[in-house]
Trainee: 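One structure coming up, written as structure tokens, with questions to follow.
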Amino acid sequence: MELKLTGVTCKIQDITIVQDVSLEVKDGEFVGLIGPNGSGKTTLLKNIYRVYSPCQGVISMMGEDISRQSFKKTFRNMSVVAQEITHDFDFIVREVVMMGRTPHKSILEQDTEEDERIVRESLAEVGILELMDRHYATLSGGEKQRVQVARALAQKAQLLIMDEPTNHLDIAYKIQIMKMVKDLGITVLTTLHDLNIAALYCDRIYVLSEGRIVGQGTPEAVLCPEMLAKVFGVAAEVSVHPMTKKPNITFLP
Ligand SMILES: Nc1ncnc2c1ncn2[C@@H]1O[C@H](COP(=O)(O)OP(=O)(O)OP(=O)(O)O)[C@@H](O)[C@H]1O
């Protein structure tokens with residue numbers, strides 16, 4: 001499920017937050033979006049998952065402009081793990097995951113046994129089947145994050161958009177979730193703050209700074225000391241890890 005952005009600009013209250021962004025995620029690619037706090041990553045993703053509409057530019061999936069699609073059609077093909085999900089009502093975990101089945105149903109359609117099976121499978125995949133009857137509001141930040149990943153899995157979409165999907169997770173779950181998503185083999189665009197995790201899992205990376213794309217390429221090409229100094233303002237040494245053969249960043253105090 002190919003995703004393409006061409007010249008996307010987004011303004012909020014007349015302030016340009018994202019400017020002339022063009023990027024492409026090819027079918028089956030795992031692409032990272034990195035950049036400092038406030039560089040516009042979440043705003044860009046919100047344009048992709050249709051919370052905002054770009055004031056200029058086109059976002060297309062498989063060559064079709066998503067602004068011309070019904071929301072239902074978009075979300076049959078695109079699942080989203082957003083940051084900081086709060087639910088106004090206190091849902092049970094399995095109800096939150098069942099929300100992932102919504103784009104596949106008509107308004108009054110009941111949940112089927114197949115839906116129930118998919119919900120259980122998705123919870124098991126992220127290792128929290130035992131939480132299925134808990135109240136979502138009572139979960140820890142990391143547990144909530146895994147419920148959101150399970151909801152996205154239950155949606156069975158071919159494009160997955162994730163906004164910092166691992167920020168509440170300890171290192172073991174961070175690796176588990178990234179590996180699991182990678183193994184799905186679907187098309188992924190995700191923001192990531194942990195650049196060593198980005199180096200391990202991303203096929204390609206885009207760098208956003210002040211709303212513009214300032215770098216793109218493989219982790220080896222993008223994650224260099226010059227970019228880290230220029231964009232993030234940090235001193236770092238980058239080596240190739242002898243076991244993973246991926247860039248390994250050591251930040252210098
Ligand atoms: N609804 C809004 N109203 C006003 N300003 C906003 C709004 N949403 C985002 N911004 C501003 O747009 C800029 C980009 O925000 P955004 O959340 O997209 O950045 P980000 O790269 O995701 O940051 P972080 O890494 O901190 O999550 C910030 O300066 C933010 O304050």
Side-chain angles (χ1 to χ4, degrees), residues 1-27 29-88 102-103 145 148-149 151-152 155 157-167 181 186-195 198 202-217 222 227 230-233:
M1 181 63 56
E2 181 191 277
L3 173 74
K4 193 169 182 182
L5 277 65
T6 313
V8 169
T9 295
C10 177
K11 290 184 184 179
I12 298 176
Q13 292 159 5
D14 272 348
I15 300 169
T16 302
I17 309 288
V18 169
Q19 198 160 4
D20 196 21
V21 166
S22 295
L23 65 78
E24 197 174 359
V25 189
K26 298 201 179 74
D27 193 30
E29 239 190 338
F30 192 115
V31 171
L33 181 64
I34 64 170
N37 287 141
S39 55
K41 302 180 297 296
T42 296
T43 305
L44 181 61
L45 294 193
K46 282 183 174 172
N47 278 268
I48 297 171
Y49 63 82
R50 303 186 66 184
V51 171
Y52 300 142
S53 303
C55 59
Q56 271 172 39
V58 176
I59 300 173
S60 62
M61 275 197 292
M62 296 297 284
E64 196 178 318
D65 183 345
I66 59 170
S67 70
R68 295 172 185 273
Q69 295 179 340
S70 66
F71 281 95
K72 198 163 188 166
K73 178 162 187 192
T74 301
F75 293 107
R76 266 190 216 129
N77 294 320
M78 179 197 296
S79 56
V80 179
V81 178
Q83 263 189 24
E84 307 291 334
I85 303 275
T86 51
H87 292 287
D88 291 340
T102 310
Q145 210 152 24
Q148 292 304 328
V149 174
R151 183 191 44 71
Q155 207 170 319
Q158 285 304 304
L159 171 65
L160 174 60
I161 306 292
M162 301 193 291
D163 196 357
E164 269 299 321
T166 62
N167 62 345
V181 170
I186 61 174
T187 312
V188 178
L189 176 65
T190 181
T191 65
L192 288 167
H193 276 303
D194 187 327
L195 302 182
C202 294
D203 299 317
R204 285 189 306 117
I205 291 173
Y206 285 90
V207 187
L208 201 61
S209 176
E210 296 176 357
R212 290 175 178 274
I213 299 289
V214 295
Q216 59 170 294
V222 168
M227 184 282 288
K230 197 169 156 206
V231 176
F232 290 90

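Note that the structure is a prediction, hence the values are computed from the model and not measured.
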Trainee: Give a yes or no answer on whether the side chain of Gln155 reaches the backbone of Met78 with a donor-acceptor pair at less than 3.5 Å.
Mentor: yes
Trainee: Checking side chain to side chain contact (heavy atoms under 4.5 Å, CB included) for the pair Tyr206/Val214: CA distance, chi angles, key distance, verdict?
Mentor: CA-CA 8 Å; Tyr206 285 90; Val214 295; over 6 Å; no
Trainee: Any chance you could measure Ser53, atom OG, to Asn47, atom CG, to the nearest 0.5 Å?
Mentor: 7.0 Å
Trainee: Can you tell me how far the CD1 atom of Ile213 sits from the OG atom of Ser39, to the nearest 0.5 Å?
Mentor: 9.0 Å
Trainee: Hey, does Met227 have a side-chain heavy atom less than 4.5 Å from the side chain of Val222?
Mentor: yes
Trainee: Can you tell me if CD on Glu210 sees more than 12 non-hydrogen neighbours from other groups inside 6.0 Å?
Mentor: no
Trainee: Spell out, as yes or no, whether a donor-acceptor pair under 3.5 Å connects the side chain of Arg151 to the backbone of Ser79.
Mentor: no
Trainee: So which heavy atom on Leu192 is nearest to which on Cys202, and how close?
Mentor: CD1-SG, 3.9 Å
Trainee: Any chance you could measure Met61, atom CE, to Met1, atom CE, to the nearest 0.5 Å?
Mentor: 6.5 Å
Trainee: Any non-hydrogen side-chain atom of Leu45 less than 4.5 Å from a side-chain atom of Leu189?
Mentor: yes
Trainee: Can any side-chain N or O of Gln216 pair as donor or acceptor with the backbone N or O of Val207 at less than 3.5 Å?
Mentor: no
Trainee: So, Gln69 versus Thr74: side-chain donor-acceptor pair below 3.5 Å or not?
Mentor: yes
Trainee: If you define the side chain from C-beta out and look only at heavy atoms, does anything of Thr190 sit under 4.5 Å from Leu33?
Mentor: no
Trainee: Would you please name every residue forming a salt bridge (charged side-chain N to carboxylate O under 4.0 Å, His left out) with Lys26, sequence neighbours left out?
Mentor: none
Trainee: Just so I know, are the side chains of Phe30 and Val25 near enough to count as touching, which here means a heavy-atom distance under 4.5 Å?
Mentor: no
Trainee: Quick one, Asp194 and Thr166 - any side-chain contact, counting heavy atoms below 4.5 Å?
Mentor: no
Trainee: If you look at every heavy atom in Ile66 and Ile48, which pair is closest and at what distance?
Mentor: CD1-O, 3.3 Å
Trainee: How close do Val8 and Pro54 get, counting heavy atoms only, and between which atoms?
Mentor: CG1-CB, 3.8 Å
Trainee: A quick test of your reading: do over 12 heavy atoms of other residues, nucleotides or ligands sit less than 6.0 Å from NZ of Lys72?
Mentor: yes
Trainee: Quick check: closest heavy atoms across Pro36 and Phe232, and the distance to 0.1 Å?
Mentor: N-CE2, 3.6 Å
Trainee: State whether the side chain of Arg76 and the backbone N or O of Pro103 hold a donor-acceptor pair below 3.5 Å, judged by distance alone.
Mentor: yes
Trainee: Strictly distance-based, threshold 3.5 Å: is any side-chain N or O of Thr187 a donor or acceptor partner for the main-chain N or O of Glu2?
Mentor: no
Trainee: Can you tell me if Tyr49 uses its side chain to pair, donor with acceptor, with the backbone of Met162 under 3.5 Å?
Mentor: no
Trainee: Give a yes or no on whether a salt bridge exists between Lys11 and Asp14, defined as a side-chain N under 4.0 angstrom from a carboxylate O.
Mentor: no
Trainee: For the atom pair CG (Leu159) and CZ (Phe75), what is the distance rounded to the nearest 0.5 Å?
Mentor: 10.0 Å
Trainee: If I take atom OG from residue Ser60 and atom CG from residue Asp65, how far apart are they, to the nearest 0.5 angstrom?
Mentor: 7.0 Å
Trainee: Report yes or no: does Thr16 contribute a side-chain atom to a donor-acceptor pair with the main-chain N or O of Gln19 at less than 3.5 Å?
Mentor: no
Trainee: Is there side-chain contact between Arg212 and Val18, with heavy atoms separated by less than 4.5 Å?
Mentor: no
Trainee: Under 4.5 Å between any side-chain heavy atoms of Ile17 and Thr9, yes or no?
Mentor: no
Trainee: For Thr191 and Pro165, work out which heavy atoms get closest and say how close.
Mentor: O-CD, 3.6 Å
Trainee: Tell me if a side-chain donor or acceptor on Lys41 pairs with a main-chain N or O of Ile34 at a distance below 3.5 Å.
Mentor: no
Trainee: Please find the pair of heavy atoms, one from Gly211 and one from Val21, that lie closest to each other, and give the distance.
Mentor: O-CG2, 3.6 Å
Trainee: Side chains of Val181 and Leu160: does their closest heavy-atom pair fall under 4.5 Å?
Mentor: yes
Trainee: Can you name the salt bridge (charged side-chain N to carboxylate O under 4.0 Å, His left out) partners of Asp163, sequence neighbours left out?
Mentor: none
Trainee: Are Gln145 and Asn167 linked by a side-chain donor-acceptor pair shorter than 3.5 Å?
Mentor: yes
Trainee: Would Gln56 and Asp20 count as a side-chain hydrogen bond (donor to acceptor under 3.5 Å, both in side chains) here? Give the steps.
Mentor: CA-CA 8 Å; Gln56 271 172 39; Asp20 196 21; over 6 Å; no
Trainee: Atom CG of Asp27 and atom CD1 of Ile186: how far apart are they, to the nearest 0.5 Å?
Mentor: 10.5 Å
Trainee: Can a donor-acceptor pair be found, under 3.5 Å and without considering hydrogens, that links the side chain of Ser22 to the backbone of Gly7?
Mentor: yes
